[in-house]
Number of protein chains: 2
Amino acid sequence: MDNTEPGPGSRVTMRDVAREAGVHLSTVSRVLRQSPLTSSLTPTAVKIRKVAKELGYEADPLAASLRSGRTRTVGVVMTRLSDVVVATVYEAIEQAFSKSGFQTLLVGASDEPDDQQRKADLLLARRVDGLLLGASSLDDAFVDRLREQNIPYLLVLRRSGDHPAVTLDDELGGYQAGRDLIAHGHRRVGVVAGSSSVSTGSDRLQGFLRAFAEAEIPVDPSYIVAAGFHVEAGREAAEVFLQHKNPPTGIFAMTDYSALGVIGAYREHGLKVGRDFALVGYHDMSISANLSIPLTSVHSPLYELGAQAATLLLARMAGEEVTSVRLAPTLNVRESSAAMWPPDRATA
Amino acid sequence: MDNTEPGPGSRVTMRDVAREAGVHLSTVSRVLRQSPLTSSLTPTAVKIRKVAKELGYEADPLAASLRSGRTRTVGVVMTRLSDVVVATVYEAIEQAFSKSGFQTLLVGASDEPDDQQRKADLLLARRVDGLLLGASSLDDAFVDRLREQNIPYLLVLRRSGDHPAVTLDDELGGYQAGRDLIAHGHRRVGVVAGSSSVSTGSDRLQGFLRAFAEAEIPVDPSYIVAAGFHVEAGREAAEVFLQHKNPPTGIFAMTDYSALGVIGAYREHGLKVGRDFALVGYHDMSISANLSIPLTSVHSPLYELGAQAATLLLARMAGEEVTSVRLAPTLNVRESSAAMWPPDRATA
DNA sequence: CCGTAACATGCAAACGATTGCCAATCGATT
DNA sequence: AATCGATTGGCAATCGTTTGCATGTTACGG
């Protein structure tokens with residue numbers, strides 16, 4: 001026998017509704033799930049709905065999921081949510097799913113592959129109907145396993161192998177940044193790069209280098225500093241640049257944040273962006289256009305990215321085949337890189 | 001009869017472990033839950049654990065929750081996650097709960113009270129063990145209902161009534177901002193305020209005004225512009241200031257973002273922050289110290305806020321009484337407000 | 001007027017755990 | 001050797017749904 005909660009103060013269950021309406025439990029279930037088997041106009045259905053409302057019945061998703069195996073929940077694994085880029089994408093994802101009546105279960109993961117896997121397993125244990133991965137590294141055996149297990153999943157922001165993914169065309173973005181620096185006369189350039197094991201970073205670098213290869217301008221590898229995506233990374237890289245006797249005249253930072261770090265560090269050396277050096281950032285966050293010297297930046301459609309990811313995963317969950325989507329960025333040229341280089345040649 | 005998933009490819013259940021180990025189902029449950037009733041050293045316990053590992057058994061949280069009523073999940077309601085402040089706090093929350101073996105279910109809500117309530121109800125239907133509310137307005141009847149229903153909850157970031165909350169001392173922050181502007185000689189000041197129905201905004205304003213009241217300096221109400229917390233809000237407010245024939249010399253923006261908006265808009269009028277006007281921001285995000293002209297800003301311990309919120313909610317869930325916590329901010333004075341006003345008086 | 005399709009209900013077995021109660025076991029104490 | 005107390009393990013009910021099958025009802029065409 002069990003006496004945990006004997007009081008009548010408990011919740012209203014289907015059993016209560018059934019008793020009150022004078023029908024069987026299962027009938028209530030069918031009517032309320034509006035299963036296609038039962039038209040909604042029959043007097044019984046009307047009565048059940050009325051009683052349910054009167055009693056304030058609310059379905060228990062737990063019990064339903066246990067029995068049906070479906071949870072109407074998708075799991076989302078993301079890194080560092082405090083990164084605006086990530087947060088914006090997640091916000092879009094959440095809204096899209098919420099609109100379709102799904103709930104998202106968000107877990108943060110570090111950049112270690114193991115951590116992502118552990119967190120994803122946690123989500124799978126919760127029986128999510130689908131999985132959105134925003135933290136996978138380029139070589140992630142774990143994702144292969146997902147495919148084999150036939151679990152609907154989708155990568156977002158980062159690619160890996162030939163797994164379906166919704167990403168930004170980072171190669172193109174890097175290319176655009178490179179073209180911009182070339183077009184403004186820069187021949188000696190530096191890059192504030194992120195970790196090379198993450199597709200976003202390596203793609204941007206590749207595109208950037210392609211631009212210079214096409215223009216047949218060599219890029220000194222020692223000017224490519226893998227520092228990271230945050231403000232401090234920019235400062236670090238800046239110090240490296242400034243130690244060269246011939247520092248680069250044009251800099252591509254892989255994040256607006258690291259671009260700000262560069263601005264700050266250079267500033268402490270008395271150097272001013274847009275005058276003493278050119279700078280191109282990435283992601284075109286709302287702040288970038290509003291700096292004292294507005295920042296040239298590659299704009300990424302982050303919100304659309306999240307929305308598309310949600311749509312595609314929903315399609316996959318419905319059994320459809322989907323193909324990866326790659327969204328194109330656009331370059332916004334502003335004062336930080338708009339001047340021609342070398343300066344004053346025309347007037348000298 | 002039921003034939004939904006007859007295949008043996010299903011998951012490993014306790015029943016399987018019990019059969020394999022030659023003990024009763026319930027014994028397995030007790031050992032694996034390491035209920036205090038069963039010491040873990042008995043041979044049966046050892047065997048069960050061994051078998052469980054061999055079979056790759058993993059508990060189904062759904063089934064466990066259904067029976068036990070506990071989910072080891074807390075619900076979190078927040079607004080606009082793309083706001084770094086909110087995202088940072090959430091990140092801290094998630095990490096803290098994750099460390100305690102809880103999962104967080106995050107839902108985004110708009111600023112409308114109804115929406116928050118709807119989203120919270122969704123979470124309650126999922127039987128969360130506790131609720132963290134980051135989107136409540138000042139007058140929120142919904143939270144009262146929670147108290148009556150005896151559900152462990154906690155407000156975070158925003159206060160409401162006498163509900164337990166972990167917040168920043170925004171009044172103090174506003175005061176500090178005000179003191180700074182006064183100390184640097186400003187007598188005509190403007191405020192870029194947010195919505196007054198949210199405690200963060202109204203508290204900051206109140207503190208700011210207290211500083212001026214104490215110093216017996218009047219503040220012109222038409223210089224207080226309720227525009228919002230984002231970049232565009234700053235631009236908007238700046239335009240309002242500039243339409244006055246005597247624009248304020250010192251400006252308090254309630255967010256670093258809106259501060260950036262002000263910088264941008266003034267800049268387009270040829271006005272430079274730190275020289276032509278002083279500016280104080282709020283939250284001291286990583287970028288603020290790295291601007292060309294570093295921004296004076298009130299620093300809030302956001303990460304600590306999230307961590308404390310998690311700790312306190314856990315305590316409440318364990319039945320302890322908790323008292324609200326209010327974390328003190330600290331002012332970081334930088335170039336944007338460091339100069340004395342009016343300028344050049346000493347040298348003139 | 002009957003056979004039958006079509007549909008609305010009812011029945012009961014799951015889904016996979018937790019847990020109150022009780023019987024059995026075991027060691028120690030008298 | 002008998003008794004007592006404490007552990008241990010088994011039993012079965014239960015959490016609140018979903019769902020395959022069987023039954024009952026209605027309507028309709030031939």
Side-chain angles (χ1 to χ4, degrees), chain A residues 1-7 9-19 21-49 52 55-72 125-127, chain B residues 1-7 10-19 21-49 51-52 55-72 124-127 129:
Chain A
M1 211 60 49
D2 203 28
N3 276 337
T4 337
E5 276 296 327
S10 313
R11 58 166 42 214
V12 186
T13 80
M14 272 191 176
R15 180 178 252 90
D16 301 324
V17 177
R19 192 187 336 98
V23 298
H24 193 268
L25 181 60
S26 63
T27 309
V28 176
S29 171
R30 276 188 277 254
V31 167
L32 261 33
R33 285 318 111 229
Q34 41 195 1
S35 134
L37 291 169
T38 313
S39 94
S40 22
L41 306 157
T42 125
T44 336
V46 174
K47 168 148 207 191
I48 288 176
R49 266 191 287 271
L55 263 50
Y57 168 75
E58 265 191 273
D60 183 336
L62 248 49
S65 298
L66 175 60
R67 173 61 228 243
S68 70
R70 282 167 265 120
T71 55
R72 294 197 75 76
R126 296 234 162 200
R127 302 264 197 88
Chain B
M1 210 59 52
D2 204 27
N3 277 337
T4 337
E5 276 296 326
S10 312
R11 54 165 47 213
V12 186
T13 83
M14 271 193 176
R15 180 180 252 89
D16 301 325
V17 178
R19 191 187 338 98
V23 298
H24 193 268
L25 180 62
S26 63
T27 310
V28 177
S29 171
R30 275 189 276 255
V31 168
L32 261 32
R33 287 315 113 233
Q34 42 195 0
S35 134
L37 292 169
T38 312
S39 92
S40 20
L41 305 158
T42 128
T44 336
V46 173
K47 166 143 208 195
I48 288 176
R49 265 190 287 271
V51 171
L55 264 49
Y57 169 75
E58 264 191 275
D60 183 335
L62 248 49
S65 298
L66 175 60
R67 173 61 226 247
S68 70
R70 285 167 263 120
T71 55
R72 295 197 77 74
L124 289 176
R126 295 234 163 200
R127 303 263 198 86
D129 293 338

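A note on names: the letters A, B, ... follow the listed sequences, proteins ahead of strands, and every chain is numbered from 1.
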In terms of side-chain heavy atoms of B:Asp60, which of D:dT17, C:dG16, D:dG9 is nearest?
C:dG16
Between C:dT19, D:dG9, D:dT18, which nucleotide gets closest to the side-chain atoms of B:Arg70?
C:dT19
Using a distance-only criterion (donor-acceptor N/O pair, under 3.5 Å, no hydrogens), is the base of C:dG16 paired with the side chain of A:Arg127?
no
Any donor-acceptor pair under 3.5 Å joining the side chain of A:Arg67 to the base of D:dT17?
no
Using atom CD1 of B:Ile48 as one end and atom C1' of D:dG10 as the other, report the distance to the nearest whole Å.
12 Å
Considering only heavy side-chain atoms of B:Leu66, the closest of C:dG16, D:dT17, D:dT18 is C:dG16
B:Asp16 atom CG is separated from C:dA17 atom C1', nearest whole Å, by 13 Å
Given C:dG20, C:dA8, C:dG10, the nucleotide with the shortest approach to the side chain of B:Arg30
C:dG20
Enumerate, in order of first residue number, the stems that involve DNA chain C, defined as 3 or more consecutive Watson-Crick or G-U wobble pairs with both distances under 3.5 Å.
C:1-30 with D:1-30
Apply salt bridge (Lys or Arg N to Asp or Glu O under 4.0 Å) to A:Arg15 and list each qualifying residue two or more places apart in sequence or on a separate chain.
none
Set of side-chain hydrogen bond (donor to acceptor under 3.5 Å, both in side chains) partners for A:Ser26, sequence neighbours left out:
A:His24, A:Arg30
Gap between atoms CE and P, on B:Met14 and D:dA12 respectively (whole Å)
19 Å
Can you name the side-chain hydrogen bond (donor to acceptor under 3.5 Å, both in side chains) partners of B:Thr44, sequence neighbours left out?
B:Thr42
State which residues pass side-chain hydrogen bond (donor to acceptor under 3.5 Å, both in side chains) with A:Arg126; sequence neighbours excluded, sorted by chain then number.
B:Thr73, B:Gln103
Distance test, side-chain N/O of B:His24 to OP1/OP2 of D:dG9, below 4.0 Å
no
If you round to the nearest 0.5 Å, how far is CZ of B:Arg11 from CG of B:Leu55?
13.0 Å
How many whole angstroms separate atom CG of B:Leu25 from atom C1' of C:dT19?
11 Å
Here's a test of your reading of the structure: between A:Val23 and B:Arg15, which maps to the more 5' nucleotide of DNA chain C?
A:Val23
Closest listed nucleotide, where the reference is the side chain of A:Thr27 and the choices are D:dT8, C:dG10, C:dA8:
C:dG10
Identify, with sequence neighbours excluded, every residue that meets side-chain hydrogen bond (donor to acceptor under 3.5 Å, both in side chains) alongside A:Thr71.
A:Asp129
With heavy atoms under 4.0 Å as the rule, sort A:Leu62 into base, sugar-phosphate or nothing.
nothing
Measure from OH on A:Tyr57 to C1' on D:dG16 and round the result to the nearest Å.
7 Å
In terms of side-chain heavy atoms of B:Arg11, which of C:dT19, C:dG16, C:dG10 is nearest?
C:dG16
With a 4.0 Å cut-off on heavy atoms, is A:Ser26 in touch with a base, just the backbone sugar-phosphate, or nothing at all?
base
Closest heavy-atom pair, A:Tyr57 versus A:Leu32, reported as atoms and distance to 0.1 Å, is CE2-CD2, 3.6 Å
